[in-house]
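Step one of this worksheet: look at the structure below.
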Amino acid sequence: MVTIRAARMDDDAALFAIDVATWTSTVSPSPMPAERETFYEGRPLDGFLVAELDGVVVGYVSMTQDIPVPSHTHVLHVNGLAVDPGAQGRGVGRQLVEGVVATARRSGRTKVTLRVLGHNTTARHLYERCGFVTEGVLKGEFVLDGRLVDDVLMAYHL
């Protein structure tokens with residue numbers, strides 16, 4: 001059974017291990033997480049939801065107000081989502097996305113946004129199944145492994 005809950009400081013090691021296990025240039029334009037010392041490193045704890053499968057931490061989603069101005073407070077932005085490879089395909093990612101939407105709804109937000117690499121079709125299909133739509137594409141926004149990669153902007157309207 002999957003449980004979604006707020007992150008705790010003692011989740012740091014498990015989340016860091018998931019970050020390292022799931023990082024590839026297919027899913028992130030950022031540097032490898034191994035270049036950080038901790039998972040949270042300067043990021044607010046209240047910006048994370050954690051997934052547990054039978055009591056074991058198996059995933060997370062990171063959320064922020066991406067543009068910190070009053071006119072943008074109605075939008076919650078997903079900064080990252082990762083599920084331990086051993087728990088993938090069991091609905092964990094979907095439940096994390098649903099957790100973000102529920103968090104947005106509870107906080108009075110009317111929109112959830114995210115950016116996903118164009119070649120990450122697995123994530124794009126997950127977001128589409130959860131009700132997200134593509135709102136734009138930044139063509140060739142990143143150079144990863146020597147190739148130009150699109151950045152796809154997606155949103156869920158509550």
Side-chain angles (χ1 to χ4, degrees), residues 1-68 75-104 112-132 134 137-156:
M1 178 171 165
V2 177
T3 303
I4 305 300
R5 62 167 173 79
R8 299 186 303 248
M9 197 50 121
D10 65 346
D11 295 324
D12 187 83
L15 298 179
F16 190 76
I18 291 167
D19 227 16
V20 170
T22 58
W23 187 93
T24 69
S25 60
T26 300
V27 301
S28 178
S30 300
M32 290 191 69
E35 296 177 13
R36 294 191 320 259
E37 290 187 28
T38 69
F39 178 77
Y40 295 119
E41 193 171 280
R43 300 186 284 180
L45 191 63
D46 65 353
F48 292 91
L49 295 177
V50 170
E52 288 183 343
L53 181 61
D54 301 323
V56 176
V57 173
V58 294
Y60 73 86
V61 63
S62 170
M63 313 163 287
T64 65
Q65 181 187 351
D66 202 37
I67 302 172
V75 179
L76 185 61
H77 185 74
V78 174
N79 275 32
L81 182 144
V83 176
D84 184 274
Q88 291 176 4
R90 299 171 80 182
V92 177
R94 178 183 50 77
Q95 289 190 45
L96 284 165
V97 173
E98 290 171 354
V100 171
V101 171
T103 298
V112 178
T113 61
L114 59 85
R115 296 168 67 170
V116 59
L117 296 175
H119 61 212
N120 189 351
T121 55
T122 301
R124 290 175 63 193
H125 290 142
L126 166 67
Y127 299 133
E128 288 167 357
R129 285 191 309 273
C130 290
F132 282 74
T134 298
V137 177
L138 301 174
K139 297 285 187 185
E141 187 72 1
F142 299 103
V143 177
L144 302 171
D145 300 329
R147 296 181 336 157
L148 291 172
V149 177
D150 296 345
D151 192 16
V152 180
L153 311 174
M154 299 184 80
Y156 182 98

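Just so it is clear, the model here is predicted, and its values are computed rather than measured.
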Margin query: Quick one: does any side-chain atom of Asp151 pair with a main-chain N or O of Lys139 as donor and acceptor, under 3.5 Å?
Written below: no
With rounding to the nearest 0.5 angstrom, report the [atom1] to [atom2] distance, [X] to [Y].
X	Y	atom1	atom2	result
Leu114	Leu76	CG	CG	10.5 Å
Leu49	Gln95	CG	CD	12.0 Å
Phe142	Ser28	CZ	OG	8.5 Å
Leu117	Thr26	CG	OG1	8.0 Å
Leu153	Arg115	CG	CZ	6.0 Å

The criterion is side chain to side chain contact (heavy atoms under 4.5 Å, CB included); which residues satisfy it with [X], sequence neighbours excluded?
X	value
Pro44	Asp46
Val20	Phe16, Pro33
Thr64	Asp66, His77, Asn79

List the atom pairs, donor and acceptor, that lie under 3.5 Å between side-chain atoms in residues 5-12 and the rest of the protein, sequence neighbours left out.
| from | atom 1 | to | atom 2 | distance (Å) |
| --- | --- | --- | --- | --- |
| Arg5 | NE | Glu52 | OE2 | 2.9 |
| Arg5 | NH1 | Asp11 | OD2 | 2.9 |
| Arg5 | NH2 | Asp11 | OD1 | 2.7 |
| Arg5 | NH2 | Asp11 | OD2 | 3.4 |
| Arg5 | NH2 | Glu52 | OE2 | 3.0 |
| Arg8 | NE | Asp10 | OD1 | 3.2 |
| Asp11 | OD2 | Arg8 | N | 2.7 |
| Asp12 | OD1 | Phe39 | N | 3.0 |
| Asp12 | OD1 | Tyr40 | N | 3.1 |

Next item on the list: Verify side chain to side chain contact (heavy atoms under 4.5 Å, CB included) between Leu148 and Val143, making sure each step is shown before the conclusion.
Entry: CA-CA 5 Å; Leu148 291 172; Val143 177; 3.6 Å; yes
Next item on the list: Sequence neighbours left out, what pairs pass salt bridge (charged side-chain N to carboxylate O under 4.0 Å, His left out) with at least one residue falling in residues 75-94?
Entry: Arg94-Glu98
Check: Is the closest side-chain heavy-atom distance between Val75 and Ile67 below 4.5 Å?
Finding: no
Note to self: Any heavy-atom pair between the side chains of Val112 and Val78 that's under 4.5 Å?
What the structure shows: yes
Next item on the list: Walk me through it: do Val83 and Thr22 pass the test side chain to side chain contact (heavy atoms under 4.5 Å, CB included)?
Entry: CA-CA 7 Å; Val83 176; Thr22 58; 6.0 Å; no
Item checked: Sequence neighbours excluded - side-chain hydrogen bond (donor to acceptor under 3.5 Å, both in side chains) pairs with any residue from residues 117-127 -> His119-Arg147
Where [X] and [Y] come nearest, the two heavy atoms and their spacing:
X	Y	answer
Leu96	Gly59	CD1-C, 4.0 Å
Val57	Leu15	CG1-CD2, 3.6 Å
Gly118	Val152	CA-CG2, 3.7 Å
Ala51	Val92	CB-CG1, 3.5 Å

